[in-house]
Amino acid sequence: MAELNPPQQEAVTHIHGPLLVLAGAGSGKTRVITRKIVHLIREQQVAPGHICAVTFTNKAAREMKSRVGEALQGHNSRGLMVSTFHHLGLQILRKDIERLGYRGNFSVIDPGDSLGMVRNLLREANGPSDLAEAIQSRISRFKNDGVFPEEARADDRLGQEAAHIYTTYQRSLSACNAVDLDDLILLPTRLLQDDAEARYAWQDRIRYLLVDEYQDSNGAQYRLIKSLLGTRHNLTAVGDDDQSIYSWRGAAAGNLDRLAQDFPNLKVVKLEQNYRSTGRILQAANMVIAQNPHFFEKRLWSTLGDGHSIRALRCANEADEAEQVVNAILRDRFQRQGEYRDYAILYRSNHQARPFETALRNARIPYQISGGLSFFERSEIKDFLSYLRLLVNPDDDPAFLRAVNTPRRSIGSSTLERLGAFAKERNLSLFAALWDDALDVPDKARIALHGFAGWVNLKTDEIGKTELIPALQSLPEEIGYLQYLQNEGDEKDAARRWENIQELLNWMQRLQEQDDGPQTLAEILNRLMLFNVLEREEDDDRDVLRLSTLHAAKGLEFPQVFLVGAEEELLPHRNSETPEQIQEERRLFYVGMTRARFRLTLSLCRKRRRYGQDVHPEPSRFLQEIPKEHLDWQGDQNPEEEMDPTAAFARLREMLGKP
DNA sequence: AAAAGGCTATTTTTT
DNA sequence: ATAGCCTTTT
């Protein structure tokens, strides 16, 4: 096992009381957390069940778990909790949600369903339903800030509307016995705040709490952390304020200094030795980030030598940019006989990926792109999951609405409207309401509804009795979904969708087979809701180039990074105006730079097409913040000393106003 | 129930 | 420019 440097050692062996580890980019923060867990178990004889490590992503949790497993070398780790914040919340709710007035078979609904709910509520309140998204995100913001419905206040119209809808939205959720993703944090907060018995139980369970990427925590998560700590204060918070790039989602990097105020005996350790990047990259990154105000000062250093200068490419336009970058990669890979996965192209916003995709396809370079449709947004997956959700929790209205007519069961919209109104009136779920004799619908509709609901009940019984996954295997066919797919689109499409469903079933099986994995359908489903992509380990092994937004690149590293579109209006983004927003853009730039191990290339265009118009972007201000001696302009394309013949020619043509 | 037309947005999205 | 989404139309 690699030796720890002195500050790392200090962080690992500080056992009692609150600790903040300021971990610069590439300074080995994951190593500190994993080693500390191992230290607690092996040297301090702490039972693994009393240790809880929290991350933000499933991937980080998975990695940490496997690294701890390796380092423990057979030491028992039974009961050790290494999970995402949301998974921790889910575990708390799984045990205690009944104390909050929900029934045990609750479902977690996806953001799409939650938007639909908001839309319906707005319609009922005859508010403007085109604002549903804005309202939903304000509600989500309330929840992320740790604000309960009755506490929600706002200064602006939209916020007040959102505060109002928040209350009714929460009531609808609870009528469906459902929670949304934000509730996985907020409800546990409420539980621990209001219910002393539960609070003590959880505080006794979690005696050592370690939080990764602490700068990304939001107000609700901070509240949750504090409640879990009780009086013991055994917190290890690891984070880097310079990598806080999610403030627009409610992340509060201020949670770092807040620790210093809330815990007077807070111990602070700085990790400043960087093991990732060569000197010039680091010095440049330091200079850039030094332009931001700091509560804690850090200065990264490295023993890896100066390395290359930072290369800067000035390109004629976005197509040229893509071509130059791809050519540079092809050339370099050929020279080194390296792999595609050694290179990453990073950009501020998704649309910038387009020209790069084209260029990569032309060059036959395999790539993987961040973002895109998540597995769970595919309609066949949503359909199938609706059925499963209904089997667990028939009161799940969004699931009911989707499943009841997919495939069509000749239940018309007027029937569903009547059912909805009736259910609302009596405060029942749709499923409960459809049995009521007082429901006024045509006999034909009633029979259809009863038929469907009866099937749900039968199937629920059936899967309770047999092996779970095989029982589900036959479900798509049983409901005529296969037929439906074939009627819908062409054959190839139907086959692909069918395979996606099989893929989902395989995944459920894998989850079930994990150590302390979810067992019942309810557990598996709720666990699934916390993923957004289909996770397969073999995906990590593919030799593909990475195209990614700067946001999605956080936490990753690559031998070579191409940070493209280093232009004003793009990075910093044109919507960022306030000093705080510019600072966040700067952190984004900093995150991009520090992903690179030994070669960093920046690129920018002279001309770019935006909303159908040609614009001539200025070089990003962040470029000016890099010391000149570290910047190596390719050709003589330095913006100050123009210019390269081809670019000059391009520019001339452009001035003459021709293609 | 499907097609067509029109309108609007167009930053980032760990769960 | 363009795509995606919503409404209206047939």
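Quantities reported herein were computed from a predicted structural model and do not represent experimental measurements.
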So, is A:Ser349 close to the B:dT10 phosphate, meaning a side-chain N or O under 4.0 Å from OP1 or OP2?
no
Could you give the CD1-to-P distance, from A:Ile92 to B:dT15, as a whole number of Å?
18 Å
So, A:Arg119 versus A:Gln136: side-chain donor-acceptor pair below 3.5 Å or not?
no
From C:dA3, B:dT13, B:dT11, nucleotide with atom closest to A:Ala552 side chain
B:dT13
Once you apply a heavy-atom cut-off of 4.0 Å, does A:Phe85 come out as touching a base, just sugar-phosphate, or nothing?
nothing
Parallel, tilted or perpendicular: which describes the rings of A:Trp248 and A:His551, with under 30° parallel and over 60° perpendicular?
perpendicular
5'-most contact on DNA chain B: A:Thr84 or A:Gln581, nearest heavy atom basis?
A:Gln581
Is it true that the side chains of A:Glu213 and A:Gln215 contain a donor and an acceptor less than 3.5 Å apart?
yes
What distance, rounded to whole Å, do you find between the two C1' atoms, one in B:dT11 and one in C:dC6?
23 Å
Do A:Leu346 and A:Phe562 have side-chain heavy atoms sitting under 4.5 Å apart?
no
OP1, OP2 of C:dC6 versus side-chain N and O of A:Arg119: anything below 4.0 Å?
yes
Rounded interatomic separation in angstrom, taking CG from A:Asp182 and C1' from B:dT15:
9 Å
Give a yes/no verdict on base stacking between B:dT12 and A:Trp248: centres under 5.5 Å, planes within less than 30° of parallel.
yes
Side chains of A:Asp396 and A:Ser107, donor plus acceptor under 3.5 Å
yes
Where the side chain of A:Thr549 is defined as all heavy atoms beyond and including C-beta, which of B:dT12, B:dT15, B:dT14 is the nearest nucleotide?
B:dT12
Does a distance-only test, which skips hydrogens and angles, find a donor-acceptor pair under 3.5 Å between the side chain of A:Arg249 and the base of B:dT15?
yes
Find out whether the Lys NZ or Arg CZ of A:Arg341 is both under 6.0 angstrom from the six-membered ring centre of A:Phe558 and within 45° of the ring's axis.
no
Closest to the side chain of A:Leu181, out of B:dT11, B:dT15, C:dA1, is B:dT15
Using the six-membered base ring of B:dT11, report whether A:His573 stacks on it, requiring centroids under 5.5 Å and planes under 30° apart.
yes
Between A:Asn350 and B:dT12, is there a contact of a side-chain N or O with OP1 or OP2 at under 4.0 Å?
yes
Span that lies between the P atom of C:dC5 and that of B:dT12, in whole angstrom
15 Å
Under a cut-off of 3.5 Å for both distances of each Watson-Crick or G-U pair, what dot-bracket string does DNA chain B give, using [ ] for crossing pairs and | for inter-strand pairs?
||||||||||.....
Picking from C:dA1, B:dT14, B:dT12, the nucleotide nearest the side-chain atoms of A:Tyr611 would be C:dA1
Is the distance between the ring centroids of A:Phe376 and A:Trp507 less than 6.0 Å?
yes
